[in-house]
Amino acid sequence: HGRICMLAFVGTMAAATGVVFPGDLGGFHYEPCAWYEGLSSAISTNPLGMAQLFLAIGIVEGATYPGEFWTGGGDREPGNLGFLPFGTAAQNKRDLGAMQVSELKNGRLAMIAMAGFFAEHQIHGSVPLLP
């Protein structure tokens with residue numbers, strides 16, 4: 001959840017500052033919209049493309065489903081899918097424990113931030129520092 005919220009936070013901040021990708025792409029015309037309308041806008045604009053995206057996510061989730069972890073089993077650490085595009089901690093001369101703690105803290109902060117954005121969207125004025 002932390003990794004997803006970190007990506008969501010970056011996307012929300014990009015959209016809030018006006019960085020959007022409107023225009024024509026793949027034969028479809030996209031209009032800029034607020035962060036909370038992005039999914040419904042994408043589904044209504046390009047339903048086949050979104051179906052392909054959801055299918056790809058479902059395949060990845062199904063292939064890496066950690067069913068054995070629910071019963072105390074498993075042969076890897078939770079979240080470790082073996083995908084290291086930038087190399088291991090040792091290759092980057094970094095402490096693995098420190099990197100894991102950093103990712104955990106940043107993920108938790110991103111989850112709180114996204115919860116705050118959602119709360120402010122649903123109940124205006126509920127988060128004092130957001131306009």
Colleague: Would you say the side-chain atoms of T17 pair up with the backbone N or O of M13, donor to acceptor, closer than 3.5 Å?
Modeller: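 A pair under 3.5 Å: yes.
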Colleague: Between I43 and I57, is there a shared hydrophobic cluster once you connect ILVMFWY residues whose side-chain heavy atoms come closer than 4.5 Å?
Modeller: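 Same hydrophobic cluster.
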Colleague: Show the nearest heavy-atom pair for residues A119 and S126, with the distance to one decimal.
Modeller: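 For A119 and S126, the tightest heavy-atom pair comes out as O-OG, 3.2 Å.
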Colleague: May I ask you to check whether over 12 heavy atoms, not counting those of L53, lie within 6.0 Å of atom CG?
Modeller: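 Yes.
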Colleague: Is F9 close to F117 at the side-chain level, that is, under 4.5 Å between some pair of heavy atoms?
Modeller: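 A side-chain contact under 4.5 Å exists here.
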Colleague: For S41 and E37, indicate whether the former's side chain and the latter's backbone hold a donor-acceptor pair under 3.5 Å.
Modeller: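 Answer holds: no.
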Colleague: What's the spacing between N106 CG and M111 CE if we round to 0.5 Å?
Modeller: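 Reported value, rounded in 0.5 Å steps: 10.5 Å.
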Colleague: With rounding to the nearest 0.5 Å, note down the distance linking CG in L104 to CZ in R3.
Modeller: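 Going from CG on L104 over to CZ on R3, the span is 10.0 Å.
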Colleague: What's the separation between atom CH2 in W35 and atom CE in M114, rounded to the nearest 0.5 Å?
Modeller: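 W35 atom CH2 to M114 atom CE measures 5.0 Å (nearest 0.5 Å).
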Colleague: Run L39 and M50 through side-chain contact (heavy atoms from CB on, under 4.5 Å) and show every step you take.
Modeller: CA-CA 9 Å; L39 181 61; M50 292 303 291; 3.7 Å; yes
Colleague: Has H121 got more than 12 heavy atoms of other residues, nucleotides or ligands less than 6.0 Å from its NE2?
Modeller: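 Enclosed.
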Colleague: Go through the steps for T12 and F118 under the test side-chain contact (heavy atoms from CB on, under 4.5 Å), then give the verdict.
Modeller: CA-CA 11 Å; T12 301; F118 180 76; over 6 Å; no
